[in-house]
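I have placed the structure first, in the form of structure tokens, so that the comments after it can refer back to it.
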Number of protein chains: 2
Amino acid sequence: MGKPKENAFDLAEYPLFSGLSAEEAREFVAKTKSVIRSYEKGNRILRAYESNAFIGMMLEGRAQIIAEDRFGNESIGHTLERGALFGIVSAILGPDYAFTSVAAKNKTAALLIPYRELLLSGMKLGRVHGIVMKNLLTSFSLKAVLMMQKIELLSHKSLRDRLTLYLIQQSDRQKSDRVTVPSKMQLAKALECNRSALVREISAMSRARLLRCGDDWMELDTSALAKASK
Amino acid sequence: MGKPKENAFDLAEYPLFSGLSAEEAREFVAKTKSVIRSYEKGNRILRAYESNAFIGMMLEGRAQIIAEDRFGNESIGHTLERGALFGIVSAILGPDYAFTSVAAKNKTAALLIPYRELLLSGMKLGRVHGIVMKNLLTSFSLKAVLMMQKIELLSHKSLRDRLTLYLIQQSDRQKSDRVTVPSKMQLAKALECNRSALVREISAMSRARLLRCGDDWMELDTSALAKASK
DNA sequence: ATTATTGTGTTGCTACTGCAACAGGCTTTG
DNA sequence: CAAAGCCTGTTGCAGTAGCAACACAATAAT
């Protein structure tokens, strides 16, 4: 699925290689035997329940994460954008932990780093290896934080609490009280709730002056924040 | 809080050092300037919102994870057992991401590994460093898998679906159809639901022959499994 | 022995929220 | 222009689950 491509990417621009020069990034790729592969729209980049030797990084294009349970039911997850890593868990823990597939949404290119080589190349690569490992840990930690926040969100069952917490989390990330929000449908998906129930609750909170909102933004009233603290 | 202790622990027995000899583990500790500290019952090992330079590993005793939001409300989380790691996210990402405190439940000892030194010691330590990093990534990945499963669990809102999925997850982990379950109160906490509602649902499912259960175990009927697949 | 304390199972009530159906607005397509 | 599609906001209905109160064990503390 896809033939190797010539070195047309400025790897040093990707977060995984942040702190490296273009030269060092090339050295990393060479010494770890990493390869660039391209995929046509619709092709599978990773298959659930199959063993996977690579940590992948999106170079260009977009890909869809697809969770497959053991009965073959698929449910779609995130979209992977440029720079995103994938396949980490299955590369590290093996096929028993490969629950997700990844499929290209466009023409896509990815850098595939053999996990085994990554572990073994510490000596050969020295400082370069250290920087990449640091970036890997950082990216991994960020993902862990996002997951923890999602768990916290889902732990609140009342729709009002969930929305309030969501807005607090987002205003932290966006560094602004006025939060830019996606469409109501997407918002409902993020909150794992019913769309019309969400709209209903937004209306109620607006009427109660707990919330001010426009077409693509929302802002909590300070009195609502106080209530959220309990 | 707590004075350094002499080297009385067989570090090679802990998962983070699995694959190392006792000698190599000691070398790792020395070269990374890791220290062993002990804490009296109730003392804080880590404070939320304070900067933390160390990745910690529980050597003995048990500690409580405490989540603190920005208003000072505390909510208790996991208990850390022997071998567990803590402080990873805050050591890697900095104090902005230090959402949790850790408090000793008993007299406790922990190994504190300076994250900075861990990153810098790759050259000095060679193979030993590689093995520890590998173990760190493995442990991190396992935690990620647990979080993903929890998210999947919480994404099901009906109590019946949640319980069913919980039992499927546990039977995978316990490698048995008959799942050992904690007390109803703890189970309710794991499912983030109301205790009496949980008991009610268990009764209903038992009556409907979807579930067989005893005092400390449960087992799904195969017909319930089929339904869970949709 | 008597008194807490803790986990359990039950039940009635209430309210929240999922669901489905519909109407209005906006854009795209023919 | 008409038709189709998509997102939105509203509403009625029904069912689930949270909550509180209670009774009953089994254990622990006095």
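Below, chains carry the letters A, B, ... as their sequence lines are ordered, and counting in each starts from 1. The shown structure was predicted, so the numbers you read here are calculated from the model rather than taken from an experiment.
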Query raised in the report: Should A/Arg44 and A/Glu68 count as an ion pair when the cut-off is N to O under 4.0 Å?
Result: yes
Requested in this report: Using whole Å, report how far CD1 of B/Ile202 lies from C1' of C/dT10.
Outcome: 14 Å
Query raised in the report: When you measure from the side chain of A/Arg162 to the backbone N and O of A/Leu191, does any donor-acceptor pair fall under 3.5 Å?
Result: yes
Query - Per-nucleotide protein contact string for nucleotides 12-19 of chain D (B base, S sugar-phosphate only, - none; heavy atom under 4.0 Å) - result: B----BBB
Requested in this report: Kindly point out which of C/dG7, D/dG9, D/dC7 is positioned nearest to the side chain of A/Lys184?
Outcome: D/dG9
Requested in this report: Would you mind reading off the distance between A/Leu163 atom CG and C/dT17 atom P, rounded to a whole angstrom?
Outcome: 11 Å
Query raised in the report: With distance as the sole test, does B/Gln169 use its side chain to make a donor-acceptor pair with the main-chain N or O of B/Gln149 at under 3.5 Å?
Result: yes
Query - Overall bend - the helix from C/dA1-D/dT30 to C/dG30-D/dC1, comparing terminal axes fitted on five pairs, nearest 10 degrees - result: 30°
Query - Contact under 4.0 Å: B/Ser203 side-chain N or O vs C/dT10 OP1/OP2 - result: yes
Report task. Look at B/Arg82 together with B/Glu60 and state whether they make a salt bridge at an N to O cut-off of under 4.0 Å. Result -> no
Query raised in the report: Please give, in whole Å, the distance from D/dT8 P to A/Lys189 NZ?
Result: 13 Å
**Report entry** Main-chain N/O of B/Ala109 paired with B/Tyr39 side-chain donor or acceptor, under 3.5 Å
**Finding:** no
Requested in this report: Would you check if A/Phe86 and A/Ile65 make a side-chain contact, meaning some heavy-atom pair closer than 4.5 Å?
Outcome: no
Report task. Nearest whole angstrom, please: distance from the P of C/dC16 to the NE2 of A/His156. Result -> 17 Å
Query - Polar side-chain atom of A/Ser183 near backbone of A/Gln186 as donor-acceptor pair, under 3.5 Å - result: yes
Query - Sequence-distant partners of B/Glu13, salt bridge (charged side-chain N to carboxylate O under 4.0 Å, His left out), two or more places apart - result: none
